[in-house]
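Note that these values count all heavy atoms, side chains included, but never hydrogens, waters or copies made by symmetry. Keep in mind that this is a model prediction, so the values were computed, not measured. Counting begins at 1 with the first residue of the sequence.
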Amino acid sequence: MFFAGFTLETRTANGQQIRLRRGGSGPPLLLLRGNPQTHAMWHRVAPVLARRFTVIAPDIRGYGFTSKPPVTPDSRHYAKREMAKDLVALMQGLGHDRFRVVAHDRGARVAHRLTLDHPAAVDRLCTMDIIPTLAHFERTDMAFAMGYYHWFFLAQPHDKPERMILRDTEDWFDLHTSREPKDKGFFHPEARADYLAALREPGTVAAICEDYRAATALDLDHDRASRAAGERIACPLLALWGSQGAIPRWYDALAIWRDYASGPLTGGAVNSGHYLAEEAPEEVLAALDRFL
């Protein structure tokens, strides 16, 4: 069954309506999804994790069926700092002042900022298939620009990318999720249906673009300020990435993360492309079992 034993609910946190699934018992564990997905991306690992943890898997601000604040000239509503505030408030509202975080893609960027801004809240952090945003931009070369062209496309001024995507949202979704070639049956039918329904929800596409616009401006300001202040991830950090994806081709990921983490750091490749939790759930669960 799809998320067997989980509730599907909406809660208010930091003024936002946040859709989430919740299940299990034990220490609290927050799962944060990537773009252009919803929390449904965790369907293959969340039920197993729920045997040991109280699992909370929300749609982050702007994504899925969570609140979508309006577009602004500075994209301030989609700064990772603001998204992180939502999640801390959500977890506190559920009675969890301190929790573990497992996060993929854009969700991992939010988790990175959450861990810097609210270090007392995060017990352990696992990131999937990223290096820090600032590190990406400071290392931009032809390979990155061509491989992650969507970073630069989605960050174009409102509403140019939105109009292009909305002309055929499903076609854009299929192209965008094909970093490594895959057919339309790659995603679980219920997950795919949720992703597409969310993309068709008014405001979602604009919110995705605002997320990427914020990453080129406010997020970099915040990241540079954190670096100047000597702020680094202090809790244990596990960095995972797909062996078939771009991260190991372009970077020594662990060496980069060492510049951003002062606590224990481990990590390595999973035999998958970009979508680790959906492509290689057994490997992901094994890594998490050792770490969490």
Side-chain angles (χ1 to χ4, degrees), residues 1-8 19-60 63-64 99-111 123-131 173-174 176-196 198 236-248 253-254 266-292:
M1 294 178 63
F2 198 69
F3 281 99
F6 278 67
T7 62
L8 179 62
R19 185 183 72 153
L20 61 98
R21 288 192 198 255
R22 184 161 57 114
S25 61
L29 174 61
L30 179 65
L31 304 182
L32 301 180
R33 89 303 149 276
N35 166 60
Q37 298 158 291
T38 69
H39 71 269
M41 65 157 284
W42 299 110
H43 67 92
R44 298 188 71 181
V45 300
V48 178
L49 292 170
R51 298 171 190 167
R52 292 177 52 203
F53 300 98
T54 298
V55 176
I56 297 98
D59 293 339
I60 298 173
Y63 287 84
F99 45 89
R100 302 167 197 194
V101 182
V102 175
H104 175 253
D105 188 68
R106 306 306 291 183
R109 302 188 188 285
V110 178
D123 185 62
R124 289 173 177 264
L125 170 64
C126 170
T127 63
M128 292 189 186
D129 221 45
I130 73 161
I131 62 168
F173 173 85
D174 289 333
H176 184 68
T177 56
S178 295
R179 298 185 190 188
E180 305 87 31
K182 56 180 63 70
D183 60 34
K184 292 185 179 182
F186 171 80
F187 295 110
H188 186 288
E190 290 188 55
R192 178 183 170 88
D194 199 59
Y195 303 156
L196 291 173
L237 170 63
L238 172 67
L240 300 176
W241 56 85
S243 62
Q244 302 164 30
I247 296 295
L254 282 185
T266 55
V270 169
N271 185 24
S272 76
H274 179 59
Y275 299 100
L276 283 67
E278 289 167 288
E279 294 182 57
E282 294 83 6
E283 282 194 55
V284 168
L285 286 166
L288 294 178
D289 185 59
R290 294 189 294 268
F291 176 68
L292 297 175

Validation row, ring centre Phe99 to ring centre Phe53 under 6.0 Å | no

Quick check: closest heavy atoms across [X] and [Y], and the distance to 0.1 Å?
X: Leu254; Y: Trp241; result: CG-CH2, 3.8 Å
X: Ile60; Y: Gly107; result: CD1-CA, 3.8 Å
X: Pro248; Y: Ser243; result: CG-O, 3.8 Å
X: Ala40; Y: Phe2; result: CB-CZ, 3.9 Å
X: Pro236; Y: Phe291; result: O-CZ, 3.4 Å
X: Val284; Y: Leu276; result: CG2-O, 3.7 Å

Mind checking whether [X] and [Y] have side chains closer than 4.5 Å, heavy atoms only?
X: Glu190; Y: His43; value: no
X: Leu32; Y: Val102; value: no
X: Cys126; Y: Leu240; value: yes
X: Val55; Y: Arg22; value: no
X: His188; Y: Arg44; value: no
X: Tyr275; Y: Gln37; value: yes
X: Thr54; Y: Pro27; value: no

Taking [X] for the side chain and [Y] for the main chain, is one N or O donor matched with an acceptor at less than 3.5 Å?
X: Lys182; Y: Thr177; result: yes
X: Arg109; Y: Ile131; result: yes
X: Ser178; Y: Glu180; result: no
X: Tyr195; Y: Asn35; result: no
X: Arg100; Y: Leu292; result: yes
X: Arg33; Y: Pro58; result: no

Which residues pass the side chain to side chain contact (heavy atoms under 4.5 Å, CB included) test with Ala57, sequence neighbours left out?
-> Leu31, His39, Trp42

By side chain to side chain contact (heavy atoms under 4.5 Å, CB included), which residues pair with Leu285, not counting sequence neighbours?
-> Val45, Val48, Leu49

Could you go through the side-chain contact (heavy atoms from CB on, under 4.5 Å) check for Leu8 and Arg19 one step at a time?
-> CA-CA 7 Å; Leu8 179 62; Arg19 185 183 72 153; 4.0 Å; yes

Verdict with supporting geometry, Phe186 and Arg192, side-chain contact (heavy atoms from CB on, under 4.5 Å) = CA-CA 9 Å; Phe186 171 80; Arg192 178 183 170 88; over 6 Å; no

Is NZ or CZ of Arg106 both nearer than 6.0 Å to the six-membered ring centre of Tyr63 and within 45° of the ring axis?
-> no

Could you go step by step and tell me if Leu29 and Ile56 meet the side-chain contact (heavy atoms from CB on, under 4.5 Å) rule?
-> CA-CA 6 Å; Leu29 174 61; Ile56 297 98; over 6 Å; no

To the nearest 0.5 Å, how far apart are CG in Leu238 and OG1 in Thr266?
-> 4.5 Å

Say whether Asp105 and His274, considering side chains only, have a donor N or O and an acceptor N or O under 3.5 Å apart.
-> yes

salt_bridge(Arg21, Asp59) N-O dist < 4.0 Å |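 Salt bridge absent between Arg21 and Asp59.
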
Any pair with a residue in residues 279-290 that passes side chain to side chain donor-acceptor pair (under 3.5 Å), sequence neighbours left out, goes on the list, sorted by first then second residue, please.
->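 Qualifying pairs: Arg52-Asp289.
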
